[in-house]
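Only one structure is covered here, and it is reproduced in the block below.
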Amino acid sequence: MATAEACRLYAARPGAPGGSRSGTDLPGWLWGEAGIPKAGQASFGIMNVDLNEYGTSLESAVCSTEGQEICKRYYERRNLLLQYLQSDLSLHVLKKHQKNVELLKKSYYYLEVQPSFLILRDENFLAIPTNIFQVIDQWKFQKVKKLGRSLAKIQMQLLTHLFEQLQQGREELISYVENYDVVTFLSKWDSILQRMSDLSETMKSLLSLQMKKQLYTKHHLVSCEDVRSGKIPDIRLFFCAKVPVTFDQKESFVHKNMAHLKWVTEIQESPLEQYELHFKLLKHETQVGFAHCGFVTCSTTTCIIHNLLPNQSYEFMIRRVETFTLVYEPWHDTIVLMTEANEAEEESTRELKDEVADKNAF
C-alpha cells in the first residue's frame, strides 16, 4: 500500500493531470535545453500537497524499501533518457545535421574514377601515360552516370526523411519525460530503450549518406581480358559530392555599365576548379536587349563584366563548369542587381519631376 500511496502522491505533483500547474511552470533553472529538465533534477514534487493531510502516508511511502527502489529506478532511467536528449539528440546536433542536409541538397554529384591515369607501353615498350577515359567503354560509362543520377535523387529524399525521423523522435522522447508518470514511465521503459536504439541507427544512416562511397556496377567498364592480363588495373568508382557555389552578397555590386561579382564555397577549392558566370538582362524589350546575355568561364572566385546597359536589372548565375564525371546538379545560386543610371538620364528624370511639380502647383 505504501507504494500505491507514493504513486498517488506523485500523481498530485505540479503539472500532473489534476495537479496545480503545468510542469513547464517550474523555475527555469530546473529545466535544460528547450524545456527539458536537466539530468539529475526532478520535475515533480509535493509542493502543493496538503502536508497535514498526507504527512503520515508520505512518511510511510518514503520509508518503504519498495517505494525507494521504485524512485531510484525511475530517476536512473529518466536521467539516462535526459542525457541522451542533451547529447546525442540535442538541438545543437540536430541543427548541425540540418545544415549539412540543406547543403547536400544543393551540392554537385560526381563519379570519381580511380585510377585516373594509366601507364601503358607500346610495341617498343615505351611508357605512355594515358587518361583512364581513353580506355573505358563510353557507352557503359554513360549508363553508370544515369545510375549515379538516380542515386543522387534517392539520397536527397533519404536525407530529408531521416532528418525528419530524428526530429520526430526527439519530440516523442521529450513527451515521455514531460507526460509519463512514474508507473507509466517504468512500464514503458523497454519501448523507450528500443526507440532510443532506433534513433541511434537512424543517426548512423544519416551520417553514412554524407560520406563518399564506392559505387559497384554489374559490368566492367573495360575489357575483362585487359584487366586479367594486368595491362589495365581494375577500375573503382566512387560516388561523391562537391558543395554548392554561392554569391558573396556584400562583395558583389554593379556600376553604370559594369558588374563586379564574387562567389564563395564552404571548403578550400582546388586551384584547377573552374566556374561559369552566366548573366542576362531582365525585361528586355528591344533587339539590343536580347544581346545582353552570355557567360564567362574563369578559374578564380571573382569576375568583372563590362558593357552592361545602365539603369537595368541583370540576373547573374554561378555554377561549376560541367565535367565528364558530373551526374547531377540540382541547384544554382542567382543574384539580381540593377545598374546605375546615366547622368543624362538622371538629369532628364529630375527635369520631368520638376515639370510635373510645377503643373501641380497651379
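To the nearest 0.5 angstrom, I318 atom CD1 is 9.5 Å from T301 atom OG1. Put simply, OG on S90 and CG on L85 are 9.5 Å apart, with the number rounded to the nearest 0.5 Å. For the atom pair L282 CG and F279 CZ, the distance stands at 12.5 Å (nearest 0.5 Å). Considering CG of L94 and NZ of K96, their distance stands at 12.0 Å, rounded to 0.5 Å. Rounded to the nearest 0.5 Å, atoms CD1 (I192) and NZ (K188) are 9.0 Å apart. Rounding to the nearest 0.5 Å places CG of L82 at 10.5 Å from OG of S87.
When every heavy atom of V245 is checked against every heavy atom of D333, the shortest pair comes out as O-CB, 3.4 Å. The two atoms that bring A259 and V254 nearest to each other are CB-CG1, 3.4 Å, heavy atoms only. Nearest heavy atom pair, residue K213 against residue M211, reads NZ-O, 3.2 Å. T302 and K262 make their closest contact through CG2-CG, 3.8 Å (heavy atoms, listed as atom of the first residue, atom of the second, distance). For L221 against V144, the heavy-atom pair with the smallest separation is CD2-CG2, 4.0 Å.
Partners of K153 under the side chain to side chain contact (heavy atoms under 4.5 Å, CB included) rule, at least two apart in sequence or in another chain, are R149, Y328. A search for side chain to side chain contact (heavy atoms under 4.5 Å, CB included) contacts involving S150 returns nothing, not counting sequence neighbours. Residues meeting the side chain to side chain contact (heavy atoms under 4.5 Å, CB included) test with R77, sequence neighbours left out: R73, F185, L186, W189. A search for side chain to side chain contact (heavy atoms under 4.5 Å, CB included) contacts involving Q138 returns F133, I136, F324, not counting sequence neighbours. Residues satisfying the ring pair (Phe, Tyr, Trp, His ring centres under 6.0 Å) test with H161, not counting sequence neighbours, are none. Residues satisfying the ring pair (Phe, Tyr, Trp, His ring centres under 6.0 Å) test with Y275, not counting sequence neighbours, are W263. For H255, the ring pair (Phe, Tyr, Trp, His ring centres under 6.0 Å) partners two or more places apart in sequence, or in a different chain, are F253.
The ring pair (Phe, Tyr, Trp, His ring centres under 6.0 Å) contacts involving residues 299-322 comprise nothing, where partners must be two or more places apart or lie in separate chains. Residue pairs that meet the side-chain hydrogen bond (donor to acceptor under 3.5 Å, both in side chains) test with at least one member in residues 239-252, sequence neighbours left out, are K242-E273. Legend: salt bridge (charged side-chain N to carboxylate O under 4.0 Å, His left out) pairs involving residues 295-316, not counting sequence neighbours, sorted by first then second residue: K280-E315.
When side chains are defined from C-beta on, L91 counts as touching R170, because their heavy atoms get closer than 4.5 Å. Side-chain contact between L199 and L89 is present, with at least one heavy-atom pair separated by less than 4.5 Å. Two residues are said to be in side-chain contact when any heavy atoms from C-beta on lie closer than 4.5 Å; E276 and V296 fail this criterion. Residues L308 and Q312 are not in side-chain contact: their nearest non-hydrogen atoms beyond the backbone lie 4.5 Å or more apart. Here the side chains of Q165 and Q168 are in contact, with some heavy-atom distance below 4.5 Å. Looking at heavy atoms from C-beta onward, Y74 lies out of side-chain contact with D181 at the 4.5 angstrom threshold. With contacts defined as side-chain heavy-atom distances shorter than 4.5 Å, the pair L277/L261 qualifies.
Tracing side-chain contacts under 4.5 Å through hydrophobic residues (I, L, V, M, F, W, Y), one never reaches W331 starting from I154; they form parts of separate clusters. Following chains of ILVMFWY side-chain contacts shorter than 4.5 Å, one cannot reach L326 starting from L237, and the two form parts of different hydrophobic clusters. Under the 4.5 Å side-chain heavy-atom criterion for grouping Ile, Leu, Val, Met, Phe, Trp and Tyr, L193 is connected to I174 within one hydrophobic cluster. If you chain together hydrophobic residues whose side chains sit under 4.5 Å apart, V243 and V264 never meet in one group. Under a hydrophobic-cluster definition in which Ile, Leu, Val, Met, Phe, Trp and Tyr are linked whenever side-chain heavy atoms come within less than 4.5 Å, directly or via other members, M338 and F247 are assigned to different clusters.
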Which donor-acceptor pairs under 3.5 Å do the side chains of residues 201-208 make with protein atoms, sequence neighbours left out?
{"residue": "T202", "atom": "OG1", "partner": "D198", "partner atom": "O", "Å": "3.0"}
{"residue": "S205", "atom": "OG", "partner": "E201", "partner atom": "O", "Å": "3.1"}
{"residue": "S208", "atom": "OG", "partner": "S205", "partner atom": "O", "Å": "2.8"}

Could you pull out every donor-acceptor pair under 3.5 Å between side chains of residues 105-115 and any protein atom, sequence neighbours left out?
{"residue": "S107", "atom": "OG", "partner": "L103", "partner atom": "O", "Å": "2.8"}
{"residue": "Y108", "atom": "OH", "partner": "R320", "partner atom": "N", "Å": "3.4"}
{"residue": "Y109", "atom": "OH", "partner": "L104", "partner atom": "O", "Å": "2.7"}
{"residue": "E112", "atom": "OE2", "partner": "Q114", "partner atom": "NE2", "Å": "2.7"}
{"residue": "E112", "atom": "OE2", "partner": "K212", "partner atom": "NZ", "Å": "3.3"}
{"residue": "Q114", "atom": "OE1", "partner": "R236", "partner atom": "NH2", "Å": "3.1"}

Full working for side-chain contact (heavy atoms from CB on, under 4.5 Å) between I335 and L337: CA-CA 7 Å; I335 186 175; L337 299 172; 4.1 Å; yes
Audit row: H92, K95, side-chain contact (heavy atoms from CB on, under 4.5 Å) steps and yes/no: CA-CA 5 Å; H92 174 74; K95 287 180 180 179; 5.9 Å; no
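Between the side chain of T339 and the main chain of N311, a donor-acceptor pair closer than 3.5 Å is present. With hydrogens and angles ignored, the 3.5 Å screen pairs a side-chain donor or acceptor of N79 with a backbone N or O of Y75.
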